[in-house]
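Comments concern the structure below.
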Amino acid sequence: MIKKLLVANRGEIAIRIMRSCREMGISTVAVYSEADRTSMHVRYADEAYYIGPSPSSESYLKMDKILEVAKKSGADAIHPGYGFLSENAEFAKQCGKKGIIFIGPSPHAIATMGDKITARQTMINAGVPVVPGTNRKITTDAEAKKVMEEVGLPLMVKASAGGGGKGMRLVHSASELLNAVKAAQSEARTAFGDDSVYIEKYIESPHHIEFQVLGDKHGNIIHLFERECSIQRRHQKVIEETPSPILTPELREKMGRSAVEAARSVKYEGTGTVEFLVDNNLNYYFLEMNTRLQVEHPITERVVGVDLVKEQIRVANGEPLAYKQEYLRQLGHAIECRIYAEDPDNNFMPSPGLIRHITEPTGLGVRTDGYVYKGYEIPIYYDPMISKLIVWGRTRAGAIDRMKRALSEYKISGVKTSIRFLQNIMNNSDFVDGKYDTHFIEKHMESLMAEKQKCDPHCEDIAIITAFLDYIEKIGKSEKASPVTPETSGWKQYGRRNNLSRL
Amino acid sequence: MIKKLLVANRGEIAIRIMRSCREMGISTVAVYSEADRTSMHVRYADEAYYIGPSPSSESYLKMDKILEVAKKSGADAIHPGYGFLSENAEFAKQCGKKGIIFIGPSPHAIATMGDKITARQTMINAGVPVVPGTNRKITTDAEAKKVMEEVGLPLMVKASAGGGGKGMRLVHSASELLNAVKAAQSEARTAFGDDSVYIEKYIESPHHIEFQVLGDKHGNIIHLFERECSIQRRHQKVIEETPSPILTPELREKMGRSAVEAARSVKYEGTGTVEFLVDNNLNYYFLEMNTRLQVEHPITERVVGVDLVKEQIRVANGEPLAYKQEYLRQLGHAIECRIYAEDPDNNFMPSPGLIRHITEPTGLGVRTDGYVYKGYEIPIYYDPMISKLIVWGRTRAGAIDRMKRALSEYKISGVKTSIRFLQNIMNNSDFVDGKYDTHFIEKHMESLMAEKQKCDPHCEDIAIITAFLDYIEKIGKSEKASPVTPETSGWKQYGRRNNLSRL
Amino acid sequence: MELDIKLDKRLARVKLISRNKNHVVVDVDGFAYRLDVHMVEDHVYSVLHEGKSHNIEIIPGETNKKYFVNTIYKNYDLEIVDAESRYLQNRNKNDLNNEQNVISTPMPGKIVRIPVKVGQKVAANDTVIVISAMKMESEYKAGREAVIKKIMVKEGDTVTGHQPLITLE
Amino acid sequence: MELDIKLDKRLARVKLISRNKNHVVVDVDGFAYRLDVHMVEDHVYSVLHEGKSHNIEIIPGETNKKYFVNTIYKNYDLEIVDAESRYLQNRNKNDLNNEQNVISTPMPGKIVRIPVKVGQKVAANDTVIVISAMKMESEYKAGREAVIKKIMVKEGDTVTGHQPLITLE
């Protein structure tokens, strides 16, 4: 039984994991880099240890340092969260060697799914549909041409070790092929130290739909239905929802079975995600499997009613799954918006900085998973995600209404955020109708960037007046200028009160 | 169709109602007293109007003033929330006269249920079990004695117009009877201007279990299952949960049918609550019906999956109910803790004052419905409830674990709160076992007041050191005293940063 | 830097031994602590001690030297005791009886009733003032037989916490 | 009290007509507003205007006279324009070319690469510095043909927003 757990991560996911630990009576150990001493995960944990300078490569990616802290603090288990070491087979192996439970699947499952060519071949053997293409590394020009003839145009050249859109090339005409292969190989070599590339058919207008799976150490594997993740910008998910607006019950069942087969082919333990591409004719193809907890796992938690982190820990403790496939249901509809510190008006440039003020939405059907607080400075070294806003509604329309309400309550100042951009997506009629694919943002960019709601005739003037009053108060000219002089300066009562030494 | 709605209330319930309005695209009008200009409901609403001095009798209870604002602002409907005018039949009537929709049942339903003797008689006619006793006002000593002989001892003398524990007397022996009747009459006259009292059998070790009902204008009435509300202090609910730990499926169905009959007897429209007493042998008796939205409605919303405020508004719009009894289910378990500004160590004395700091829990399965913010001063004029903390878990044990986690994250300073007292209830073994009745708090008071968790050996010293450092920093002695002088004062970096005029 | 600090009823001797930015060594009653201390929010500190993560809130009290201190487990009243406060304390000893003669309220509220007049004789446990806050009325009683010396408020007044209301003689 | 205020590109003339505690009458470009104004949180105001409830956030900017203003619909840059700022503005007109010669970044980050040296000639659109923040690299380019005059930072440095990095000649 796990009694003490080290979270080898930071930000919202570290806190999300610690919350489930606290509910299970498991004590928590945080690790932190130089930039993260005042980060919320350090404050939330029972224990916290410094592991190195701010860049991830010198801290959150340092396996030996993290294992040393685990040993020193007496942690029985390590949860890697997502990103960082979460899909590193070597780290999983090292944990095993030191007698520390790695919360995740076996090193074999991680390695198999981490190499796309191997994963494709494994899926074909398991009877899971994959995108038409080759299952071998492309080594010669002749081979590339042969595959092109088989799969047809357009096609994708992809790095086997790839991820995050790197090492990918789209080929529209035969003449581009060889250059694309060379470019992808070169990029893959630089990015991943492995120049293996392969060729897949290019699926036009695809939907990105993934299935949550959960396996235990006793051979039981279930799926917890799908997440629709087609709202993306540059291969980064922006909004996810479940159920998918395009799935039929029959297709859901079929894809769910494929997802379970995919997981079974690597004897999957814990939570994982099988990503599919779905075309306009509702054909689906295995894309990849993420062998970790996914950023967007909360929407599944809400409609299926499970705590996925608790399930991970129970599986790691050797317990059999508490759920049977036939009893699981999707109840209602959930949507997640990722709130980023970025400036949509300035080409989505990241916007680190000091949080001046934050008010998070709450109330019926609203969950936020975040980590920043007033006075916190978002560091420049890590992911720009501030929080995830998750809402639930009995219907999809109800969930969209609630998301609009929640976004309108969300106030963050000091850094730029994507909140207004997300509001515009919620108001887009194609989104509201559930008619979108992965090209949605690109296609609607212009209207998504436009100002949607206007100040009423006076609201601009009122903003000017408020700043005017703030300024004359600041320079102390308010009383003199005013024909009616109040005993105390009224509108700053708040500030003054807070400065009193007397409570 | 309601387009603009005035909320004749304040605090958390005003905001909770406005949230549903915002999700439905209905604009909101707040009213506020002198003490409430900076209250959150004024900030949250689209419009806000002053209605009078701070005492409720001069503002939130002023029917004419509120109706005038409704007219002036063009509101089509008024939602009274709970308390204040919510169970005032005259106000409901006045709304009707002015052509404004009152969100609630008919004046007839309010009046019938507001008078306990009438309500008892109505229930008996409808076949709903009531506590044995008389259905008539006690006018003579002889009558009182006759009823005592019929129902036996102990018995309760109760004011017909009563509420909140006022005008009630418990009688153990025959010799106390006549004095008790006189005392109750006198108290009732003073409190309600009506000295009608009646006599009921006293139910020992009762459970307070209530059923949520919902009716429309087309004669459809359903119930949304029960709420267990036996954790009370001086007749005030402190913690509620659903499902009740003591109800069987059969009893639930039977009581649910009784609740629907009770509502049907007054042609009930909108949301209402039928309160029952349940004794140790699982006999149940009608206690009273609350003809309004209940404080603890969110636990029902969570396990049944409905938005009760939206349903109220839909019913008021004349729509038929969207739910059929046979399709409703309770999924999982929800608990609500009421967070009060009060000092449990000082006889639960109310603790109004300035909120210095507030951090609210969030994450999976946690909802807070509150209204205070950092810098807000809780006024002395109104209810001491700061917020409601609602959690959901797949099981009752899971919900308790989550409530403990959420309470541990809840930080409010500047005023005293009941948070630690609530934590002690969550750790009480009788509560954990679901073995409690309305005497729970009284019975366990000593252990609930005790300090449960201890500082580890060093934590007290660390608190001392932190204050020491804060003090020497404040008086500017830190640098001088320190052999290693830093360029900048490290631990106050936060404060300094926030004072910079440069962002 | 060395100070006496009163935490509830405990009196502790605290000494700063060294400091390097956020890393301090401080001795409390003979035990030396090495801590990593950061103020993370207004009045909120994150303190690491041998790996343990503590969150401590230091709320300013009525005077410069008084604090309310909140740890995760318990809330404390804390007071810095230096030469000045010792002097004041000694001086106040003589006024101690005086202090018992003042009736005040710990909470803000509104004066509902003052059933006594200046010069009136009251017995122990007689109600001298009734204050309401948040729909609840609290009665304040005389601690002993006494004569009402002064009444500083009147019915209907709003009062802050810890404000003197009535003095007895 | 009368001031010119610049809101994004608009220039408005604002005049305080009267004030009674939180009730003010203020004229903006000839239109008089009666408002009820309360600062409810740090930098956050609640403003009532003819019943409408506005929440306005006034965040201090780089100087005493600059603000970021957030309304529910839109964010603005706002600047108080008085005699002093007009003087500075006039003076700066001469320096305008200078300003275009300075390369700076709007966001904090870390210098990844500086592919140029002092004295080096660069063409328009040549990358002169690469800055990374939050796992994303941004390239800053020369706006015209120029010679690198000064490099104020070096690779590996952490920079704040709006800090001058390189000047061109």
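So you know, we letter chains A, B, ... as the sequences are listed, proteins then strands, and number each from 1. For clarity, every value in this text was computed on a predicted model and none was experimentally measured. Hydrogens, waters and symmetry mates play no part in the numbers below; they use all other heavy atoms, side chains included.
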Restricting to non-hydrogen atoms, name the atom on [X] and the atom on [Y] that form the minimum distance, rounded to 0.1 Å.
X         : Y         : answer
Pro384(A) : Met134(D) : CB-SD, 3.4 Å
Arg420(A) : Thr71(D)  : NH2-O, 3.7 Å
Ile464(A) : Ala12(D)  : CD1-CB, 3.9 Å
Gly109(D) : Ile380(A) : C-CD1, 3.3 Å
Cys459(A) : Tyr73(D)  : SG-CD1, 4.2 Å
Ile58(D)  : Ala467(A) : CD1-N, 3.6 Å

Engaged part of Ser351(A) at the chain D interface, taking heavy atoms whose separation is under 4.5 Å =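 Interface part for Ser351(A): backbone (N, CA, C, O).
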Region of [X] in contact with chain A, defined by heavy-atom distances below 4.5 Å:
X         : result
Thr158(D) : side chain
Asp82(D)  : side chain
Lys66(D)  : neither
Asn75(D)  : both

inquiry  = Taking every non-hydrogen pair under 4.5 Å, which of Asn55(D), Leu35(D), Val14(D) racks up the most with chain A?
reply    =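 Option with the greatest count: Val14(D).
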ask   = For the candidates Glu2(D), His49(D), Lys52(D), Lys6(D), which exhibits the highest count of non-hydrogen atom pairs separated by less than 4.5 Å from chain A?
value =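 Max contact count across the listed options: His49(D).
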Decide if atom [atom1] of [X] counts as having more than 12 heavy atoms of other residues, nucleotides or ligands within a radius under 6.0 Å.
X         : atom1 : answer
Arg34(D)  : CZ    : no
Lys121(D) : NZ    : no
Lys404(A) : NZ    : yes
Glu442(A) : CD    : no

task = Quick one: do Ile5(D) and Ile465(A) satisfy side chain to side chain contact (heavy atoms under 4.5 Å, CB included)? Show the steps, please.
result = CA-CA 9 Å; Ile5(D) 292 184; Ile465(A) 294 173; over 6 Å; no
Spatial distance of atom [atom1] ([X]) from atom [atom2] ([Y]) [nearest 0.5 Å]:
X         : Y         : atom1 : atom2 : answer
His458(A) : Phe31(D)  : NE2   : CZ    : 4.0 Å
Ile472(A) : Met1(D)   : CD1   : CE    : 6.5 Å
Asp461(A) : Leu7(D)   : CG    : CG    : 9.0 Å
Met39(D)  : Leu469(A) : CE    : CG    : 11.0 Å

Could you tell me whether [X] and [Y] have a side-chain N and a carboxylate O separated by less than 4.0 Å?
X         : Y         : answer
Asp42(D)  : Lys374(A) : yes
Glu460(A) : Lys74(D)  : no
Glu473(A) : Arg19(D)  : yes

If you count heavy-atom pairs under 4.5 Å with chain D, which of [options] comes out on top?
options                         : value
Asp383(A), Asp343(A), Ile378(A) : Asp383(A)
Tyr382(A), Tyr381(A), Phe468(A) : Phe468(A)
Lys416(A), Met349(A), Lys411(A) : Met349(A)

task = Answer with yes or no whether the side chains of Asn64(D) and Tyr471(A) bring together a donor and an acceptor at under 3.5 Å.
result =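 No.
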query = Can His357(A) and His43(D) be said to form a ring-ring contact (aromatic ring centres under 6.0 Å, His included), step by step?
reply = CA-CA 8 Å; His357(A) 191 251; His43(D) 314 304; 8.1 Å; no
